[in-house]
2 protein chains.
Amino acid sequence: MSGFSPATVSRALRGLPGVSASTRLAVEEAAQQLGYFPSPSAAALTTGRTNAIGLIAPWVSRWFFSAVIEGVQEVLTEQGYDLLLYPVGLTGDRRARGLDTRSLAKRVDGLLALNVPLADPSVISLHELRVPVVTIGTAVQGMSGVLVDNVEVGRQATQHLLDLGHRRIAFLGDDLDEFNAFEVAGDRHRGYDLALRSAGVEPDPTLSHRTGFSIDGGEAAFHRLLSQLGDGWEMPTAIFAVCDEVAMGIMYAIREHDLRVPTDLSVVGVDGHDFAYLFDLTTVSQPVRDQGRIAARLLLEQINTRPPRPPSVVSVGSNLIRRASSGPVPRRLTTGASDAIGPSNRRGPATDGPVSPAGARREKPADSTTTPVPRVAASSGHPEQQ
Amino acid sequence: MSGFSPATVSRALRGLPGVSASTRLAVEEAAQQLGYFPSPSAAALTTGRTNAIGLIAPWVSRWFFSAVIEGVQEVLTEQGYDLLLYPVGLTGDRRARGLDTRSLAKRVDGLLALNVPLADPSVISLHELRVPVVTIGTAVQGMSGVLVDNVEVGRQATQHLLDLGHRRIAFLGDDLDEFNAFEVAGDRHRGYDLALRSAGVEPDPTLSHRTGFSIDGGEAAFHRLLSQLGDGWEMPTAIFAVCDEVAMGIMYAIREHDLRVPTDLSVVGVDGHDFAYLFDLTTVSQPVRDQGRIAARLLLEQINTRPPRPPSVVSVGSNLIRRASSGPVPRRLTTGASDAIGPSNRRGPATDGPVSPAGARREKPADSTTTPVPRVAASSGHPEQQ
DNA sequence: CTGTTAGCGCTTTCAC
DNA sequence: GTGAAAGCGCTAACAG
C-alpha cells in the first residue's frame with residue numbers, strides 16, 4: 001500500500017502532471033513491490049479506449065501477410081498497443097464470413113485491414129465501424145491506406161522482359177473467380193497490358209491465366225498454358241507471375257516439362273519474397289514490413305489526433321531485383337517444347353548460366369533499404385517512414 | 001429499447017436459462033435493430049474473463065510459426081475467443097525482452113507459448129502468470145504442452161540416411177550461442193547421435209555446426225563445414241538439417257560450391273514446409289497446423305474446466321517424406337570437392353535423377369492426414385484430435 | 001420468469 | 001498536489 005488515494009495512484013502511474021516527484025516515486029515503488037498492474041478492462045470501461053488495435057486478414061501463413069504483421073507488431077509493441085488478429089473469410093476455407101463489426105468496434109481502438117476485399121460487402125462492412133481503419137495492400141474510397149502501385153509493378157515487370165527483347169509474354173496471375181473485388185491482380189494485369197501496348201505489342205488473351213496467389217495456382221496455370229500447344233499456338237518466351245509464390249509454382253512446372261529457366265523461358269515474380277533468391281528469381285520487390293510499420297503509424301496517428309485528419313494514402317515504391325530467372329529471348333523459338341521431350345534433353349542445371357547474374361547475384365533486400373521515399377498520394381502530408 | 005431490464009437482456013443475449021422464449025426473441029430483435037453489442041470490457045470487469053487468449057512467439061513470419069497460428073486461430077474463432085499476439089524477444093532483434101506478465105494476466109484468459117525458451121527466465125516467467133498456459137513445440141515441467149518428439153525426429157532423419165548407406169553424416173542445426181534454453185535443436189541432435197551410435201558410427205564433432213533456424217544459418221554453416229577441407233578431413237556424404245529452412249540454405253550453398261544433390265551430397269530437413277517439395281527436399285514432417293489446433297483446444301479446456309485438470313502433454317507424430325534430395329552414397333567419395341571446381345564440371349540439373357523419385361514424387365501432405373494418432377504422454381486422457 | 005441492487009477497478013470531475 | 005465521489009456497462013445474487 002502506498003497510502004495514496006486511487007486517483008493519485010492512477011495519475012502517478014500514467015505519468016500525468018499534477019503529482020509531486022516524491023509521491024510518484026513512492027507510488028511506483030509500491031506498485032512494483034505489490035506486483036500491481038492496472039486492469040485494462042476497467043481502464044477501457046472508463047476511457048472508452050482499449051489500447052488495442054485489430055488486424056483483419058484473409059491469411060496469416062502466407063509470407064506477405066506474416067511479414068506485414070511483423071512490421072505492424074513492431075510499431076504497436078513500441079507504442080504499447082496490443083494486437084488482435086481476426087481472420088476474415090476469403091478463399092475456400094470456410095471462415096466466419098460475417099465477422100461482427102460491432103463487436104470489433106468495442107474491442108479495439110482502430111483497425112488494420114490487410115488485403116481485404118472491402119469492395120465486397122459480404123465480407124465485411126468496415127464503413128459501419130466506429131473506429132478508424134487503415135487498409136494495407138488495397139485502397140478504399142475515403143479510407144487511409146498504404147500500398148504499392150500495382151499498375152506500376154505490373155509495368156516494371158513487363159518492361160523488364162520487354163527490355164530483354166521478349167515480345168511474347170504471358171501473364172499468369174488473374175484472380176480466381178470469386179474475388180474480382182480484390183484488385184491487386186487486376187492492377188498488375190493492367191500494368192502488363194500498358195507496358196505491352198506502349199511497346200507496340202497487343203496482349204494475347206491466350207497468354208493470360210488465372211492463378212490466385214498460391215504455388216499450386218502457378219503450377220496449374222502453367223500446365224494450362226502449355227496445353228494450348230499445337231494448333232499453331234505459339235509459346236511465350238517469358239512469363240510474368242502475379243507474385244513470387246505463383247512464380248515458384250511456375251518454375252516447378254517448367255521443370256516438370258523439362259524446360260529450363262531462363263534458357264527456354266524467363267520468369268519474373270512480384271514481392272521480393274524472402275525465398276526468392278533461392279530460386280534465382282527475378283522479382284519486383286515491395287517493402288513489406290515497412291508497409292506494416294507505416295500503416296500502424298498512420299492508424300495510431302489517426303486514433304490519437306483531434307480532430308481527426310482526413311484520410312491519407314501512402315504509396316510505397318517498388319523496384320526490380322534482377323536475378324537469373326530472366327534472360328534474353330531464346331534463339332530457337334517454340335521448339336515445339338512439350339511433354340514429349342525426354343530427359344536426355346537436359347544438359348544443364350535448372351537455372352542456366354552462372355548461378356546468379358553479375359552484380360545483383362544475391363540481393364537480399366534489407367526491407368527498409370529498398371523503399372524509395374514513400375510519397376503521399378493524398379492530401380495531408382505524412383512523412384511516415386521509419 | 002426492448003423494455004426489459006438490463007439483467008434480463010444480459011441473460012437473454014447470452015443464452016442463459018431462465019428466460020421465456022418470447023422475451024428472448026424480443027430482446028434479440030431489439031438488439032439487432034439497435035445495433036447493440038455488449039461491451040467486452042464491461043463484461044470482463046464483472047466476470048473476470050476476457051474471452052481472449054494470448055499467443056507469445058519469437059517470430060510470426062517464419063512458416064512454422066504462422067502455420068501454427070492459423071491452426072490456433074481456427075479453433076479460437078470457432079469458440080468465440082479473440083487472439084492477442086505478443087512478440088517475445090529471442091534473436092538479434094531487440095524486442096521487449098521483458099513482456100510484462102502481470103499485464104498479460106489481466107488481458108487474457110490463457111496463454112499459448114509457441115517455441116518460447118521458458119527455461120530462460122530472462123525472457124519470460126510464465127510460472128508467475130495467473131492464467132493457464134499451454135506450450136507448443138517445447139515442454140516445460142508442470143505445464144501442458146503439445147509437441148513433436150524431437151529426439152525421434154532426429155533419429156528418423158538420420159536413420160533414413162543410414163538406410164541409404166551413408167555413414168559420414170553431418171548435423172547442421174545446433175543453436176546459436178545464446179539460446180541453449182531452446183531445446184528443439186538439442187533434442188534433434190541427440191536423436192542424430194543415437195541413430196549413429198546404434199549403427200556403430202561414432203559422431204564426429206567436426207560434422208556438427210551451428211545454424212539457428214534460418215536459411216542464412218544453413219548456408220553459412222555449410223560454408224564453414226567445407227572450410228575444413230584439406231588436412232585429411234573427410235567430406236560427409238549426407239547432411240541432416242535441423243529444419244527445412246536451414247536445409248534450403250544448405251542446398252543453396254551446395255549449388256554455390258558447384259556440388260549436386262543428391263549425387264554429391266544428400267540432404268534431409270525437418271518440418272514438412274509448404275515449400276519443401278519445390279526443392280525436392282526429403283523431410284521429416286510434423287503436423288504443424290494440428291499442433292496449433294490441439295494446443296488451443298487443450299487451453300480452452302483447461303480454462304473452462306473446474307476444477308482444473310492436471311497438465312497434460314500431447315505428443316504428435318512425425319513421418320518421413322522421401323524426395324529426391326536424399327539418395328545413395330556417391331561412389332567417388334571426397335573427390336576433393338572444393339571451390340576450385342570449375343563450372344565446366346556441371347553436367348546435370350541441380351537435383352539429379354528424375355525430378356522426383358518414384359512414388360512420393362510430390363507429396364504435399366494434407367496436414368491432418370499425416371498425423372498419426374496423437375498419443376497422450378501424460379496423465380489425463382485427451383482424445384484431442386480433430 | 002423478471003426486476004432491483006451492488007459492485008467489478010478504474011478515471012474523472014470537482015473540492016480542498 | 002491530493003482526495004472524495006460518481007459512474008463507465010455490465011453481471012451476479014437476491015427478491016418478488
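All values reported here derive from a predicted model rather than from experimental measurement. Every chain is numbered from 1 and lettered A, B, ... according to where its sequence line falls, protein lines coming before strand lines.
For the residue pair Tyr86(A) and Asp82(B), a side-chain donor N or O sits within less than 3.5 Å of a side-chain acceptor on the partner. Judged purely by distance below 3.5 Å, without hydrogens or angles, the side chains of Thr135(B) and Thr138(B) never pair a donor atom with an acceptor atom.
Considering only heavy atoms from C-beta on, Leu55(B) stays 4.5 Å or farther from Leu111(B) through its side chain. With a 4.5 Å cut-off on side-chain heavy atoms, Asn115(A) and Phe64(A) count as touching. Counting heavy atoms from C-beta on, the side chains of Ile53(B) and Leu299(B) come closer than 4.5 Å. For the pair Gln73(B)/Leu85(A), a side-chain contact is recorded, criterion being any heavy-atom separation below 4.5 Å from C-beta on.
In the helix from dC1(C)-dG16(D) to dC16(C)-dG1(D), the terminal helix axes, each the rotation mapping four pairs' C1' atoms onto the next four within five end pairs, subtend 30°, rounded to 10°.
Summarising the geometry, the separation between CZ on Phe4(A) and C1' on dG3(D) is reported as 11 Å, rounded to the nearest angstrom. Look at CG on Leu13(B): it is 13 Å from C1' on dT11(D), rounded to the nearest Å.
Of the residues in residues 15-23 of chain B, those placing a heavy atom less than 4.0 Å from an atom of DNA chain C are Gly18(B), Val19(B), Ser20(B), Thr23(B), in numerical order.
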Contact pattern, 5' to 3', of nucleotides 5-10 of chain D - B, S or - by protein heavy atom under 4.0 Å: --BBBB
Stepwise side chain to side chain contact (heavy atoms under 4.5 Å, CB included) check, Thr50(B) with Arg107(B): CA-CA 6 Å; Thr50(B) 60; Arg107(B) 285 186 121 76; 5.6 Å; no
Leu104(A) vs Val131(A), side chain to side chain contact (heavy atoms under 4.5 Å, CB included): CA-CA, chis, key distance, verdict: CA-CA 9 Å; Leu104(A) 267 188; Val131(A) 294; over 6 Å; no
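In terms of phosphate contacts, Thr8(A) brings no side-chain nitrogen or oxygen within less than 4.0 Å of OP1 or OP2 of dT2(D).
One can find a donor-acceptor pair under 3.5 Å joining the base of dG3(D) and the side-chain atoms of Arg11(A).
Across all their heavy atoms, Asp109(A) and Gly48(A) have their closest contact at OD1-O, 4.2 Å.
Of the inter-residue distances, the one linking Arg49(A) atom CZ with Ile303(A) atom CD1 reads 6.5 Å to the nearest 0.5 angstrom.
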